[in-house]
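Report on the following structure.
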Amino acid sequence: MIRAIVTDIEGTTSDIRFVHNVLFPYARERLAGFVTAEQYKEPVSTILNNLREEVAQPEATTAELIEVLFAFMDEDRKSTALKALQGIIWRDGYVNGDFKGHLYPDVLPALEKWKAQGIDLYVYSSGSVAAQKLLFGYSDEGDITPLFSGYFDTLVGAKRDVQSYRNIAAQIGQPPASILFLSDIHQELDAAEAAGFRTTQLIRGDDDAASHHHQVNSFSNIKPEQIPS
Ligand SMILES: CSCCC(=O)C(=O)COP(=O)(O)O
Ligand SMILES: [Mg+2]
């Protein structure tokens, strides 16, 4: 029996093009100015020190760190420091109404149905927890954050690491076999499966022939009670 569902965002609840064509450029245009202006204030000061640790360059200047951050954005590196900064910068965009968090139309009805069935809902994304709350708080469908019981980001580990899913199960307090993980990326589903989770892959665009996971093209086609263990 499924007691909890953990969902990815990019490519699963939300269009990858919203993340790559709207969110990422918005942060990219503002990152250097924001970091320069805020470098001595919290939380940016601590984030920059975390980045110095992450790249093992304890003496790196702010200008050098900004170069690192641009290289990370170029390669879509899921750096906790970069994700924290992006999340802070996106806040203005949401609050000013520059954009809303994209949701596929099939997502909200399914989340509401599962919640009404007593299934607890969680989010796991490389985007920071703050960024996740913004996307769902300022979504196309309004504030849907009351549906979620918790959020996980790279602080529990990387999305392709098995241990991350063990950490999530421990924090949720449910056995892995009673948790369903939804993602568009089969390597993430492989890691979740290795931790004992049940899995379903969202195919929002191209087929993924390299995947052995149960596949659907819409949340409306996910029946938690029918997912094989
Ligand atoms: C909270 S929306 C922004 C998601 C994001 O920043 C990102 O890098 C998505 O990565 P994921 O590994 O979750 O696909
Ligand atoms: Mg994804």
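Atoms within a ligand are numbered from 1 in the order they appear, just like the ligands themselves.
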- line: Per side chain to side chain donor-acceptor pair (under 3.5 Å), T62 is matched among Q39, E67, E38 by Q39

Quick check on contacts: which atoms of ligand 1 are under 4.0 angstrom from a heavy atom of [X]?
{"X": "W90", "answer": "3 (C), 6 (O)"}
{"X": "K78", "answer": "7 (C), 8 (O), 9 (C), 10 (O), 12 (O)"}
{"X": "S125", "answer": "4 (C), 13 (O)"}
{"X": "L135", "answer": "2 (S)"}

If I consider every N, O or S atom in [X], which one ends up closest to the Mg ion (ligand 2)? I only need its name.
{"X": "D184", "value": "OD1"}
{"X": "D8", "value": "OD2"}
{"X": "E10", "value": "O"}

Under 3.5 Å: donor-acceptor pair, side chain of [X], backbone of [Y]:
{"X": "H102", "Y": "D15", "result": "yes"}
{"X": "T12", "Y": "D184", "result": "yes"}
{"X": "N96", "Y": "D98", "result": "no"}

Residues D76, K78: salt bridge by 4.0 Å N-O rule: yes

N, O or S atom of E188 closer to the Mg ion (ligand 2) than 2.8 Å: no

Who's the nearest protein heavy-atom neighbour of [atom], and how far?
{"atom": "atom 12 (O) of ligand 1", "answer": "S126 OG, 2.5 Å"}
{"atom": "atom 6 (O) of ligand 1", "answer": "K83 NZ, 2.9 Å"}
{"atom": "atom 9 (C) of ligand 1", "answer": "E10 OE1, 3.1 Å"}

- prompt: Nearest heavy atom to atom 1 (C) of ligand 1: which of I9, T13, L82 does it belong to?
  reply: I9

task: Quick one: look at D8 and ligand 1, take heavy-atom pairs under 4.0 Å, and tell me if it's side chain, backbone, both or neither.
output: side chain

- prompt: Is it the case that R30 places NZ or CZ above or below the six-membered ring of Y26, under 6.0 angstrom from the centre and within 45 degrees of the axis?
  reply: yes

- request: Begin from the C-alpha positions of H20 and F18 and carry the test ring-ring contact (aromatic ring centres under 6.0 Å, His included) through to its verdict.
  value: CA-CA 6 Å; H20 286 253; F18 168 66; over 10 Å; no

task: Give yes if a backbone or side-chain nitrogen or oxygen of K159 is under 3.5 Å from a nitrogen or oxygen of ligand 1, and no if not.
output: yes

Nitrogen or oxygen atoms of Q132 and ligand 1 under 3.5 Å apart: no

- request: Report yes or no: do V6 and I119 belong to one cluster of Ile/Leu/Val/Met/Phe/Trp/Tyr joined by side chain heavy-atom distances under 4.5 Å?
  value: no

field: Euclidean distance, I16 CD1 relative to I9 CD1, rounded to 0.5 Å
entry: 12.5 Å

With Y124, the ring pair (Phe, Tyr, Trp, His ring centres under 6.0 Å) member among F148, F197, Y151, Y165: Y165

